[in-house]
Amino acid sequence: MKRYVIIGNGVAAAGCIEGIRSVDRSSEITVISEEKHAVYCRPLISYYLEGKTDLQRMQYRSEDFYEKNGCQVLYGQKAVRILPETKKAEVSDGTLLPYDELLIAAGSSPFVPRFEGLDTVPKKYSFMTIDDALALEQALTEKSRVLIVGAGLIGLKCAEGILERVGSVSVCDLADRVLSSILDSECAAMMQKHLEAKGMRFYLSDSVARFEGNIAHMQSGADVEFDVLVLAVGVRANSGLLRDCGGEVNRGILVDERMQSSIPGIYAAGDCAEGPDISIGGKRVLAILPNAYMQGHTAGVNMAGGSERFDKGIPMNSIGFFGLHAMTAGAYEGELYEEKTDHSLKRLFVKDDQLRGFILIGCDERAGIYTSLIRERIPLSSINFDLLKKTATTASFSAEMRRKIFGGVL
Amino acid sequence: MRGNKAMKRVYVNEEWCLGCHLCEYNCAFANSGLSDMVLALKDRPIFPRIHVEGDERISYAVSCRHCEDPICVKSCIAGALSKEGGVIRVDQNRCVGCLTCVLVCPYGALAPNDQGVMQKCELCLQNACGEPACVKGCPNRAIVYEEREDAV
């Protein structure tokens, strides 16, 4: 019998629980949950504000999830320290939890730059948790002028979620384009145009120099008046627990393909972990839900004595705004293949006989075939790439390859 | 995710597939909830859960493989996809239409319905057909529903 302790109660933790239980049906699992909620679908908080889901449907797993999986959840408790020598985790009420295998799935926290005068802003919010969304909702009226600092994934999803229920939404970002972490200039311009047509206003290559109550004095000289401020500048991995006990940390907790950290018996997964990203051939924080689940699952299997590797991780996003979807994956390096129409844009990046990355806007059909080529590192010389670049189809594969993937006579 | 080796799945023989697209119509009808095929399909775009792919040389139908280790289920940001009894299902009430499953399905087997909500092959086990309509209606028996050891 082992004692498992999981720090965090998000999707990586859920993946870990399911990973452990695929190997070990009976040992005790303790989950330390700072948020007083069962695991929920964090990326859905903007959909909640948009009225496309509700608190009940946002539950990631069924009501009996923890009970069914033999987990004890310590709600409202925070892990404050790890003692690797004696294999104990200390929680905020002083309890020392002994563990044999420990997962840190502590997620990330909003990064708030030191804006001058930020303390004079009466209504300001982050947008990371369901409690953030509920608090923001309380502050919004149909007349609210909302300023969102940060035109990344979080800021823009927030903007989409609230646009129809407030007076106006303005978004500023130091970057020269929207979604700068996943889109290049031209793709970003296409998305920005779409968002502007829906009524959003942008201040790009610009940031707030100083807040004065409900006015943001921008670096460009513009003054933006607002009633509600949302800070969505970025996030930072919650890696402190491991760093403080001597483990290796870069931008996140450094982990190998088994999701094990530099300290034996301690694993990390999700937004706090910096693990393998095969699209760059190095390690990177892949702060997206699919990887959080997969990393958590991999950690869980290995913690329980099984064997699973997270060796196909890449950044990948599917993010839609008012019906226009952007799908992106991998790294944007190498030779570019491009297809454009008035309503769609496809960019494929090819290097060393492999598809390395793509950006697809408004052309998402069967995109997973492209994603799998990156993840599986399929040599493009083994398929009909001329066909594939035009249409994502397994018809571009050899008959033998199709037989293999579709299982049988095909 | 284990122990589903004996699951029946839909397989296609591309040498026998005529590319007639009848499976797509049978699928759309079986999942329409209507008892009249004309009412269900006539003069409207169809959104089948199986689709024929190919080029001038070959054709074959693609539907969900009900993978042993389903990356769509692991990737679903809404917890809407699940696998029970070997069948991957989508809870449309929970789906928010983010298309992450489309982004990750290596087979290109998933597509949303006309409302932007995901739908997928659930082997017709829950609808009035009771068995895969694509298989039942395939005029050349190119689509079969059987157990195979070398499954995905």
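Each chain gets a letter, A, B and so on, in the order the sequences are listed, and its residues count up from 1. All figures in this text were calculated on a predicted structure; none of them were measured in a lab.
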For [X], is it the side chain, the backbone, both or neither that has a heavy atom under 4.5 Å from a heavy atom of chain A?
X: B/C76; result: backbone
X: B/C105; result: backbone
X: B/I77; result: both
X: B/A111; result: neither

Please answer whether the main-chain N or O of [Y] pairs with a side-chain N or O of [X] as donor and acceptor at a distance below 3.5 Å.
X: B/Y145; Y: B/C134; result: no
X: A/H325; Y: B/L99; result: no
X: A/N69; Y: A/E18; result: no
X: A/K157; Y: A/I319; result: no
X: A/K346; Y: A/K389; result: yes
X: B/Q119; Y: B/F47; result: yes
X: B/H66; Y: B/I88; result: yes

**Item:** Cation-aromatic face contact B/R65/B/Y11, 6.0 Å, 45 degrees
**Value:**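 Positive - B/R65 is close enough to the ring of B/Y11 and near enough to its axis.
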Give, as side chain, backbone, both or neither, the part of [X] having an atom under 4.5 angstrom from any heavy atom of chain B.
X: A/I369; answer: both
X: A/F358; answer: side chain
X: A/N291; answer: neither
X: A/R42; answer: neither
X: A/S396; answer: neither
X: A/Y47; answer: side chain

Can you tell me which of [options] forms the most heavy-atom pairs within a distance under 4.5 Å of chain A?
options: B/P106, B/S82, B/G97; answer: B/P106
options: B/V104, B/D91, B/T100, B/V96; answer: B/V96
options: B/D55, B/I71, B/L110; answer: B/I71
options: B/G108, B/G116, B/A109; answer: B/G108

For chain B, find which of [options] contributes the most heavy-atom pairs closer than 4.5 angstrom.
options: A/M294, A/K52, A/E376, A/E365; answer: A/M294
options: A/Q56, A/M58, A/Q59; answer: A/Q59
options: A/M327, A/R375, A/R366, A/E50; answer: A/R366

**Residues B/E146 and B/R141 bridged, charged N to O under 4.0 Å** =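 A salt bridge is absent here (no side-chain N lies under 4.0 Å from a carboxylate O).
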**N-O pairing of A/E400 and A/R403 below 4.0 Å** =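 No salt bridge links A/E400 with A/R403.
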**Message:** Which residue in the set A/E308, A/R309, A/E257 passes side-chain hydrogen bond (donor to acceptor under 3.5 Å, both in side chains) when paired with A/T298?
**Reply:**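 Considering A/E308, A/R309, A/E257, a side-chain hydrogen bond (donor to acceptor under 3.5 Å, both in side chains) with A/T298 is found only for A/E308.
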